[in-house]
Amino acid sequence: KLVQTVVGMTHVKAHDKIIEIGCGHGLVLKELLKHIRPVYGADISKEMLHRVTDTTLSDKKVKIGESFKDIEPLDSDIDVFLTTDDILHTQVPSQYFDKIISVEVLRYVDDIDKALGNIRNIMKDDSIYIFTAPNLWSLHLFPIKYSIRKMLNLVNKEKELLQYFVTESSLKRKLKKLGFEIVGFRKMRYI
């Protein structure tokens, strides 16, 4: 439901260029392919890109490029272009994508200001960025419990991914400070 909601929020148009930054298992890309092709994905893990081509997108024509320099020209039969990228040190081409999506990425980023600034820098004037971010005050209480464990040095950094949480008001302040225009803000499934 989350993936369908996020994709629905993109309002896909026929010639949109859409990228998911932090494409992980490829579920958003698979949903986007119901509306448009090609779609583009980037993930920090090259192993994840290969894994997604063997599972979620195994029935699709996927090209894994070494970098965004390989993005053009794409063969006309390519469904998905994938490459590695890090939202904190992004190489995503500026002014290229109409829609940018990040689902459950910002929770693993220790410098959300830099990540959001990087996204803002690659956007066109009319680009849309759709993302999810877990709220510290979520009803399921995991963010609060995790944050307390982290403050008490009880998070095992060897066995757990570090996570970071925001509040709605702090996120809105960050977005406005970085020059984003907030056109919508939706609470979904505790996110």
Side-chain angles (χ1 to χ4, degrees), residues 1-45 47-62 79-83 85-87 90 92 97-109 112 115-116 119-120 122-123 126-147 160-172 174-175 180-191:
K1 185 79 173 162
L2 175 66
V3 170
Q4 292 169 340
T5 300
V6 167
V7 170
M9 291 171 72
T10 65
H11 302 289
V12 178
K13 295 179 185 133
H15 299 289
D16 280 343
K17 286 194 165 112
I18 303 176
I19 185 169
E20 182 184 12
I21 297 177
C23 62
H25 293 283
L27 297 174
V28 172
L29 298 175
K30 186 173 185 171
E31 187 69 22
L32 284 168
L33 285 169
K34 295 177 181 176
H35 307 279
I36 193 170
R37 61 180 290 278
V39 294
Y40 304 81
D43 200 275
I44 199 167
S45 167
E47 292 80 22
M48 184 60 82
L49 298 179
H50 288 288
R51 193 163 133 200
V52 75
T53 61
D54 295 337
T55 56
T56 312
L57 300 176
S58 63
D59 61 334
K60 306 298 181 200
K61 178 83 172 167
V62 178
D79 295 314
V80 182
F81 174 84
L82 299 173
T83 191
D85 197 61
D86 179 347
I87 197 168
T90 189
V92 172
F97 291 102
D98 303 296
K99 314 281 173 64
I100 302 165
I101 301 172
S102 297
V103 175
E104 291 301 292
V105 171
L106 297 178
R107 78 183 307 159
Y108 301 107
V109 175
I112 195 168
L116 291 172
I119 295 296
R120 185 67 191 104
I122 64 171
M123 292 173 70
D126 61 346
S127 292
I128 295 174
Y129 179 45
I130 297 159
F131 63 93
T132 62
N135 190 323
L136 177 64
W137 306 115
S138 171
L139 293 177
H140 64 74
L141 301 178
F142 171 77
I144 292 172
K145 292 176 190 175
Y146 181 88
S147 296
E160 297 178 66
L161 286 173
L162 290 180
Q163 297 184 50
Y164 306 89
F165 305 99
V166 294
T167 62
E168 182 177 335
S169 59
S170 71
L171 185 57
K172 285 180 177 179
K174 290 174 187 299
L175 291 167
F180 284 90
E181 176 188 349
I182 300 172
V183 295
F185 206 92
R186 183 179 296 173
K187 294 179 184 178
M188 302 182 300
R189 285 188 22 200
Y190 307 115
I191 297 174

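Just so you know, residue 1 is the first one in the sequence shown, and it goes up from there.
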Ile100 side chain near Val92 side chain, heavy-atom distance below 4.5 Å: no
Heavy-atom check, side chain of Glu20 versus side chain of Val103, under 4.5 Å: yes
From Lys13 atom NZ to Lys99 atom NZ, the distance as rounded to the nearest 0.5 Å: 5.0 Å
Closest approach of Leu57 to Gly26 (non-hydrogen atoms, all atoms of both residues): CD2-O, 4.3 Å
Approximate separation, where rounding is to 0.5 Å, of Leu162 CG and Arg107 CZ: 12.5 Å
Leu49 side chain reached by Cys23 side chain, heavy atoms, under 4.5 Å: yes
Value rounded to 0.5 Å, distance of NZ in Lys174 from OG1 in Thr167: 8.5 Å
Aromatic ring pairing Phe180/Tyr129, orientation class (parallel under 30°, perpendicular over 60°, tilted between): tilted
Heavy-atom pair of closest approach, residues His15 and Ile36: C-CD1, 4.3 Å
Any side-chain heavy-atom pair of Ile21 and Ile122 under 4.5 Å: yes
Backbone of Val62 reached by a side-chain donor or acceptor of Asp79 within 3.5 Å: no
Pairwise distance CG(Leu175) to CD1(Ile182) - rounded to 0.5 angstrom: 5.0 Å
Criterion side chain to side chain contact (heavy atoms under 4.5 Å, CB included) on Leu106 and Ile87, from CA distance to verdict: CA-CA 9 Å; Leu106 297 178; Ile87 197 168; 4.2 Å; yes
Side chain to side chain, Arg186 and Thr5, heavy atoms closer than 4.5 Å: yes
Beyond-backbone contact of Tyr108 with Gln163, side-chain heavy atoms, under 4.5 angstrom: yes
Main-chain N/O of Val166 paired with Ser170 side-chain donor or acceptor, under 3.5 Å: no
Neighbour count >12 (heavy atoms, 6.0 Å) for atom NE2, His25: no
CG on Leu29 to NZ on Lys60, rounded to 0.5 Å: 11.5 Å
Non-hydrogen side-chain atoms of Thr53 and Val80 separated by less than 4.5 Å: no
Point-to-point distance, once rounded to the nearest 0.5 Å, from CG of Asp16 to CD1 of Ile128: 8.0 Å
Closest non-hydrogen atom pair, Ser127 against Phe97: OG-O, 2.7 Å
Exceeds 12 heavy-atom contacts within 6.0 angstrom, atom CZ of Arg51: no
Exam field: side chain Thr56 to backbone Leu27, donor-acceptor pair closer than 3.5 Å: no
Val109 to Tyr164 - nearest heavy-atom pair and separation: O-CD1, 3.3 Å
Worked verdict on Leu82 versus Asp43 for side chain to side chain contact (heavy atoms under 4.5 Å, CB included): CA-CA 8 Å; Leu82 299 173; Asp43 200 275; over 6 Å; no
Side chain to side chain contact (heavy atoms under 4.5 Å, CB included) between Leu32 and Ile101, intermediate numbers included: CA-CA 11 Å; Leu32 284 168; Ile101 301 172; 4.1 Å; yes
Shortest non-hydrogen contact between Gly22 and Val105, atoms and distance: CA-CG2, 3.7 Å
